[in-house]
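Chain letters run A, B, ... following the sequence lines, proteins first and then strands; every chain starts at 1.
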Protein chains: 2
Amino acid sequence: MRWEELDRQPCSLARTLSVIGDRWTLLVIRDCFLGVRRFEQFEARLGIARHVLADRLKKLTEAGVLAKVPYQERPRREEYRLTEKGLALHPALIALLDWGDRYMSGPEGAPMQRRHRTCGHVTQGIMVCAECGEPLDPREMSVEPGPGAPGDLALPERAGKTP
Amino acid sequence: MRWEELDRQPCSLARTLSVIGDRWTLLVIRDCFLGVRRFEQFEARLGIARHVLADRLKKLTEAGVLAKVPYQERPRREEYRLTEKGLALHPALIALLDWGDRYMSGPEGAPMQRRHRTCGHVTQGIMVCAECGEPLDPREMSVEPGPGAPGDLALPERAGKTP
DNA sequence: GGCTATCAGTTCGAAAAAAGAACTTAATTC
DNA sequence: GAATTAAGTTCTTTTTTCGAACTGATAGCC
């Protein structure tokens, strides 16, 4: 498949990656969740080429993950805010952070931690079943065609079995 | 920052992306979760340049996400299996799939669905707090330096506030 | 032995994307 | 007019991916 055709793949991961899969994009989104909103701030924190940053911000805006919001009129200035669509990437961000905390930290532990203000604890996420509330274990999941599946959906033989 | 320095960033997301952030890598991992194990199978499903695929498989193996396991001896053949470290990417995969299901599907719905065999339902994931069990809402989370934080960790001003 | 097939890569030239730096535009202030 | 701020845009070079072919190590068949 071609990278630019990801959004047409019969697979939601591929479609997601068509929006967030380019180099640096998830780090831009991370910074949005940390409250960063302005071009110069992103640029200073990320230290990436300005035109790459501009490209990523533009694509996220076009995809509806970010919205440009004016913060002053004279001269007109805009900043980038997460939309609800963008905020909905939070579980993915948490999962990726938790994985990095666990597998990519040294003996000193994770560089940052997240506090759940509702209960007051420093915490991590657990991905549970929306139907029964049990944690989702890959060995207990099977995959099947969904309502939007094309007639010739290519699922490998082992799709219903343990990875 | 430079892409090849991601694993040294004081941020677990960046460190995670140093392993899974290259173009195509997450789709390789998706296929692993679907039970795909062999080079030709990955190649046939993904349709990407063979040396890019080989590079991604190699990097994932070096990072400990995949393990090469012999499946025959004459001639010796090996396949790629998710390790525990690799399986631990499941919550992230589910979150990304769910996001794509919700925001990147047409009116006909998602192309694939996941059945939780424990309860028997077609389902999605919910990211909940490991401490209190409530769903994690980005507006209820704050970020702070962790035990492995460097002395000069750069958290933006708004890091404790709503995104 | 030669040929074909299978499998898992590796190599090579072309195209695309990212890196690095400078420039542009549109204000505002002194 | 010059300097500053902010948000980009343009240009050249380097790196990564694309597309295709090739290689190496078997095994089986004639």
Test: A:D55 and A:K59 ion pair at under 4.0 Å: yes
A:R74 CZ - D:dT4 P separation (whole Å): 23 Å
Selected nucleotide, minimal atom distance to B:A54 side chain, candidates C:dA27, D:dT17, C:dT10: C:dT10
d(CZ, B:R56; C1', D:dT17) in whole Å: 8 Å
Phosphate OP1/OP2 of C:dA19 contacted by A:W24 side-chain N/O (<4.0 Å): yes
Test: A:E84 and B:R139 ion pair at under 4.0 Å: yes
Protein-nucleotide distance (B:K58, atom NZ; C:dT11, atom C1'), rounded to Å: 14 Å
Euclidean distance, atom CD of residue A:E5 to atom C1' of C:dA16 [Å, nearest integer]: 15 Å
Distance below 4.0 Å between B:R2 side-chain N/O and D:dT15 OP1 or OP2: no
Aromatic A:Y71 / basic A:R38 pairing, under 6.0 angstrom, 45° off normal: yes
Interatomic distance where CH2 belongs to A:W3 and C1' belongs to D:dT16 [whole Å]: 12 Å
Gap separating the CD1 atom of A:I20 from the CG atom of B:L96, nearest 0.5 angstrom: 5.0 Å
Test: B:R37 and B:D31 ion pair at under 4.0 Å: no
B:E4 CD - D:dT14 C1' separation (whole Å): 11 Å
Donor-acceptor pair present, A:H51 side chain and C:dA18 base, under 3.5 Å: no
Separation of D:dC18 C1' from B:L46 CG (nearest whole Å): 15 Å
Residue whose nearest DNA chain C nucleotide is more 5′ - A:I48 or A:E73: A:I48
Same apolar cluster (I L V M F W Y, side chains within < 4.5 Å links), A:M127/B:V122: no
Pair B:E43 + B:R45: basic N to acidic O under 4.0 Å: no
Enumerate all atom pairs, one protein N or O and one N or O from nucleotides 5-7 of chain D, separated by less than 3.5 Å.
| unit_1 | atom_1 | unit_2 | atom_2 | d |
| --- | --- | --- | --- | --- |
| D:dT5 | O2 | A:R77 | NH2 | 3.3 |
| D:dA6 | O4' | A:R77 | NH2 | 3.2 |
| D:dA6 | O3' | A:Y71 | OH | 3.3 |
| D:dA7 | OP1 | A:Y71 | OH | 3.1 |
| D:dA7 | OP1 | A:E78 | O | 3.4 |
| D:dA7 | N7 | A:E40 | OE2 | 3.3 |
| D:dA7 | N7 | A:R50 | NH2 | 3.2 |

Nucleotide C:dA19, atom C1' - distance to CG of A:L53 in whole Å: 14 Å
